Amino acid sequence: MKLKTSRSKKLWAYSLKHLAGGVNSPVRAFNAVGGTPLFIRSAKGSRLSDVDGNSYLDYVLSWGVMIHGHADPDIQAALSAALSKGTSYGAPTEAEAVLAEMIKRALPSIEKLRFVSSGTEAVMSAIRLARGYTGRDKIVKFTGCYHGHADSLLVKAGSGAATFGSPSSPGVPAQFARNTVSLEYNDTNGFLNFMKRRGGEVACVIVEPIAANMGLVLPAPGFLAALRKACTRGGALLLFDEVITGFRVGFGGAQGLYRIKPDLTTLGKIIGGGLPVGAYGGREEIMRHLSPAGRVYQAGTLSGNPLAMAAGCAALKKLSRPGFYKKLEASGRAMEEGLRLIIRKGGLPLTLNRAGSLFTLFFSKGPLKDWTGASACDTKRYAKYFWAMAERGVYLPPSQFETCFISAAHSAADIRGTLKAADQALRTI
Ligand code: KE4
């Protein structure tokens, strides 16, 4: 049945008058799936409600932030208590150090950290720190990985496999892009060959240890270990961008899961409990180069904001409870088993990748292990699937190149209902 979207349509026309592109982040404009973006009125637990009164099981969860589900009572209570004391001081507070200590306990590779206000700000600052610490300019990233919109990272792969990049956005100076090379994710040999030739110029290698921005793509066996070894050997820093995987795939993040110790880590999303937070951290002997202790400059008016710190502390406290990730894994497994059954029964070329409570159904035969594969997906059919699921009360990421997230608030009945909707939706597209 067609969705009622008259109020979303009205608000879309209104937003287009005042906001650039009608949105505050491009993916929300639904360009990849067409139609009118759904305007959300409220959210609770595993559900979103839009302004036309439609209710959805939410698998975007604010792009992975809401691991406890929406409007979690403990996080709300922590926020109200903080709110009664004001909202921002621009001065040190106890909560900043408390949250930092909680993060350090979970991620022992982090000896010191700095809070900022977004994942982009965390990555941008970590790159500057890596360059300041090593005295080198070049950085290595992997095609299909997204690390926020800092200039050095809006770079597409060079024409030759391992040539330095060119801007992937107007406004990024070519000379910035020429300091970034974008290699194929999971191409261990290609990476090692590059590092053999140019590793001495590289300040840092930045990677999503589990890639979640081309759809979900897992690291091939040995890939992350090869990055670690080559960085150690060549004097480059290994930067794990765990903005998505941090506290998502386990309390110790992907670095805990794969037992790889990066030199620097970036975090975001979950650690803010729904408020704007990013963080970057690593070995003390690197972090001491950061102002005011060192000379690498970085600052921020709302860094360590008291409300965000209170929400982050409450979110992480709940994550550290025994059995939290076991329950999330059970939900992820149930979703995977159900979708694999549907894939076997149906005739469509589909591939499912899953890591814990992260999963992506690719409209492609697969296997899906890099951007070359992901970019060949049938995005038109994905768009039809997106709307067929929305009409059945399931809100998926409005792009094939994003990842679905499950929260602790998703019940077994929610998962079953989602699988029923998927089974029906896939027969209609
Ligand atoms: P933010 O600046 O959006 O807080 O974080 C940037 C970022 C950094 N690193 C990784 C691995 C990320 O996934 C992100 C942002 N993720 C996207 C979703 N894939 C945010 C959604 C959006 O851009 O609106």
Side-chain angles (χ1 to χ4, degrees), residues 19-33 37-38 40 58-67 114-127 139 141-155 168-169 180 182 185 204-219 224 239-249 253-255 262 264-281 298 300 302-303 305 308 311-312 353 355 357-360 371 374 395-405:
L19 292 169
V23 289
N24 289 304
S25 199
V27 69
R28 304 179 193 173
F30 276 24
N31 291 349
V33 293
L38 301 171
I40 303 307
D58 181 14
Y59 289 91
V60 177
L61 293 172
S62 181
W63 306 99
V65 171
M66 310 313 289
I67 193 166
R114 169 73 55 90
F115 289 113
V116 291
S117 297
S118 72
T120 293
E121 198 181 352
V123 170
M124 175 182 73
S125 311
I127 297 274
I139 56 173
K141 70 177 288 294
F142 295 91
T143 304
C145 289
Y146 174 69
H147 304 287
H149 60 86
D151 282 351
S152 303
L153 293 152
L154 290 181
V155 172
S168 63
S169 160
T180 304
S182 197
Y185 192 79
C204 84
V205 174
I206 180 170
V207 67
E208 288 185 68
I210 299 174
N213 283 288
M214 49 178 135
L216 189 76
V217 172
L218 280 87
L224 297 177
L239 165 48
F240 269 15
D241 180 353
E242 296 223 42
V243 166
I244 283 190
T245 53
F247 296 98
R248 168 59 63 177
V249 295
Q255 57 193 269
L264 288 171
T265 300
T266 46
L267 297 165
K269 297 184 194 272
I270 289 174
I271 65 165
L275 272 76
V277 180
Y280 62 109
Q298 181 268 313
L302 290 166
S303 297
N305 171 270
N353 284 353
S357 58
L358 295 168
F359 68 97
T360 297
W371 175 243
Y395 188 78
L396 297 177
S399 160
Q400 167 74 92
F401 307 124
E402 297 288 353
T403 291
C404 289
F405 300 87

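Being a predicted model, the structure only gives us computed values, none of them experimental. Counting starts at 1 for both ligands and their atoms, in listed order.
The side-chain hydrogen bond (donor to acceptor under 3.5 Å, both in side chains) search around Asn213 returns Glu208, not counting sequence neighbours. Every residue meeting the side-chain hydrogen bond (donor to acceptor under 3.5 Å, both in side chains) condition with Asp58, not counting sequence neighbours, appears here in chain and number order: His70. For Ser152, the side-chain hydrogen bond (donor to acceptor under 3.5 Å, both in side chains) criterion is met by Arg131, not counting sequence neighbours.
Within 4.0 Å of ligand 1, heavy atoms belong to protein residues Ser25, Val27, Trp63, Ser118, Gly119, Thr120, Tyr146, His147, Gly148, Glu208, Asn213, Asp241, Val243, Ile244, Lys269, Glu402.
For Phe401 and Trp371, the gap between ring centers is short of 6.0 Å.
At a cut-off of 3.5 Å, with distance as the only test, a side-chain donor of Thr245 or Glu242 sits close to an acceptor on the other residue. No side-chain N or O of Asn353 forms a donor-acceptor pair with one of Thr360 less than 3.5 Å apart.
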